[in-house]
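Since the structure comes first, as structure tokens, the remarks are kept for the end.
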Amino acid sequence: MNMNIRTLTNDEKLPWDLLLLADPSRLIVQEYVKNAVIYVGEIEQKIIAICVVKETAKTIVEIMNIAVNQSIQGKGFGKQLIHFAVQEASKRGYAQIEIGTGNSSIPQLRMYQQCGFRIVGVDFDYFTRHYDEEISENGLICRDMIRLSYEL
Ligand code: COA
């Protein structure tokens, strides 16, 4: 199966099912998709993955959201999207690409580091402060945001 990656245009509907897989807060997603670049992965013209990238400083972009359709996770499409986002950020002249994830998101932490990201900090209690509902996964409560960065 080959995934083709392209930019979602302004007149297309946002794939909310995918966006909410990575981030349970519709309000928070609505805020960061404004002025962001949205890459979508397609297989046979069907959108199966998303990656939202946003400029957060003059030389820095951040992957705000990344998700792959549940039925085809674990097949390498997530990594392919991350490599694409890293290459695009580099082509556009950015110095750094960042990503943040929960302290409980163990497979994701593994994947980002496999893709070349390094842990650079912790935003303590980020999730407890910004999300109404408690998030828990992998036997852990999601409290802190682990910040990772890739020097381009
Ligand atoms: N299922 C299987 N493997 C996962 C995984 C998942 N849900 N999440 C991360 N991984 C890890 C695996 O350990 C794998 O490592 P390996 O190559 O050494 O076996 C690695 O990530 C690469 O996996 P890949 O197949 O490229 O990942 P993916 O296509 O499943 O995409 C996510 C990864 C995280 C985008 C995808 O699983 C997903 O959409 N999850 C739900 C949304 C989410 O958590 N988004 C990130 C929020 S921070």
Side-chain angles (χ1 to χ4, degrees), residues 1-8 12-34 36-56 60-90 94 96-150 152:
M1 274 194 293
N2 267 337
M3 178 176 73
N4 175 52
I5 302 173
R6 67 171 177 89
T7 307
L8 194 76
E12 287 181 281
K13 271 195 302 185
L14 287 173
W16 275 103
D17 49 340
L18 288 168
L19 290 165
L20 294 170
L21 259 189
D23 191 330
S25 170
R26 191 177 269 267
L27 274 178
I28 291 176
V29 176
Q30 252 158 1
E31 212 37 57
Y32 64 58
V33 291
K34 288 179 196 159
V37 179
I38 302 179
Y39 300 116
V40 288
E42 289 180 320
I43 294 177
E44 292 168 352
Q45 274 89 54
K46 188 179 178 301
I47 294 175
I48 54 96
I50 192 162
C51 181
V52 179
V53 177
K54 187 158 184 164
E55 186 181 282
T56 53
I60 306 173
V61 282
E62 178 168 346
I63 297 178
M64 309 298 294
N65 186 303
I66 179 159
V68 172
N69 194 308
Q70 256 160 334
S71 62
I72 48 167
Q73 286 176 6
K75 295 187 189 296
F77 298 124
K79 274 189 182 169
Q80 195 185 323
L81 261 182
I82 288 176
H83 289 309
F84 182 87
V86 167
Q87 275 168 7
E88 284 299 303
S90 171
Y94 289 100
Q96 247 180 76
I97 181 163
E98 299 185 337
I99 194 161
T101 194
N103 60 283
S104 53
S105 299
I106 309 298
Q108 289 83 344
L109 276 167
R110 177 178 149 193
M111 177 174 85
Y112 303 145
Q113 291 177 82
Q114 286 173 334
C115 290
F117 286 77
R118 301 277 305 269
I119 293 174
V120 290
V122 181
D123 191 345
F124 288 103
D125 290 308
Y126 174 88
F127 291 97
T128 359
R129 278 188 274 114
H130 291 90
Y131 289 75
D132 295 335
E133 309 261 314
E134 185 176 276
I135 308 167
S136 87
E137 53 183 346
N138 302 309
L140 292 165
I141 293 173
C142 183
R143 289 187 225 274
D144 309 318
M145 183 187 272
I146 312 294
R147 303 288 314 166
L148 298 101
S149 177
Y150 186 125
L152 299 165

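Counting starts at 1 for both ligands and their atoms, in listed order.
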Would you find more than 12 non-hydrogen atoms of other residues, nucleotides or ligands less than 6.0 Å from Q70 atom CD? no
When you look at CD of Q114, are more than 12 heavy atoms from neighbouring residues, nucleotides or ligands closer to it than 6.0 Å? yes
[atom] - nearest protein heavy atom and its distance:
| atom | result |
| --- | --- |
| atom 21 (O) of ligand 1 | M111 CB, 3.3 Å |
| atom 29 (O) of ligand 1 | G78 N, 2.8 Å |
| atom 8 (N) of ligand 1 | P107 CB, 3.6 Å |
| atom 22 (C) of ligand 1 | K79 CE, 3.5 Å |
| atom 38 (C) of ligand 1 | Q73 NE2, 3.3 Å |
| atom 39 (O) of ligand 1 | V68 N, 2.8 Å |

So, do L18 and V40 sit near enough that their side-chain heavy atoms are less than 4.5 Å apart? no
Between [atom1] on residue [X] and [atom2] on residue [Y], distance to nearest 0.5 Å:
| X | Y | atom1 | atom2 | result |
| --- | --- | --- | --- | --- |
| T101 | F127 | OG1 | CZ | 6.0 Å |
| S105 | R110 | OG | CZ | 14.0 Å |
| L19 | L14 | CG | CG | 6.0 Å |

Trace of the side chain to side chain contact (heavy atoms under 4.5 Å, CB included) decision for Q73 with L21: CA-CA 12 Å; Q73 286 176 6; L21 259 189; 4.1 Å; yes
Any salt bridge between R147 and E62, counting N to O under 4.0 Å? yes
Numbered atoms and elements of ligand 1 in range of [X], under 4.0 angstrom, heavy atoms:
| X | answer |
| --- | --- |
| Q114 | 15 (O), 18 (O), 20 (C) |
| K75 | 25 (O) |
| T101 | 48 (S) |
| Y112 | 46 (C), 47 (C), 48 (S) |

Protein heavy atoms: any of them under 4.0 Å from atom 12 (C) of ligand 1? no
Run down the list [options] and name the one with the heavy atom closest to [atom].
| atom | options | answer |
| --- | --- | --- |
| atom 42 (C) of ligand 1 | L20, L21, L19 | L21 |
| atom 25 (O) of ligand 1 | G76, G102, A67 | G76 |
| atom 34 (C) of ligand 1 | Q113, Q108, E137 | Q108 |

When you measure from the side chain of D144 to the backbone of T128, do you find a donor-acceptor pair of N or O atoms at a distance under 3.5 Å? no
Is there any N or O on G74 that sits under 3.5 Å from an N or O of ligand 1? yes
Does I66, backbone or side chain, put an N or O under 3.5 Å from an N or O of ligand 1? yes
Nearest heavy-atom pair of Y32 and N65: which atoms, and what distance? OH-ND2, 3.1 Å
Where L140 and N103 come nearest, the two heavy atoms and their spacing: CD1-O, 4.0 Å
Does ligand 1 have a heavy atom under 4.0 Å from the side chain of R110, from its backbone, from both, or from neither? side chain
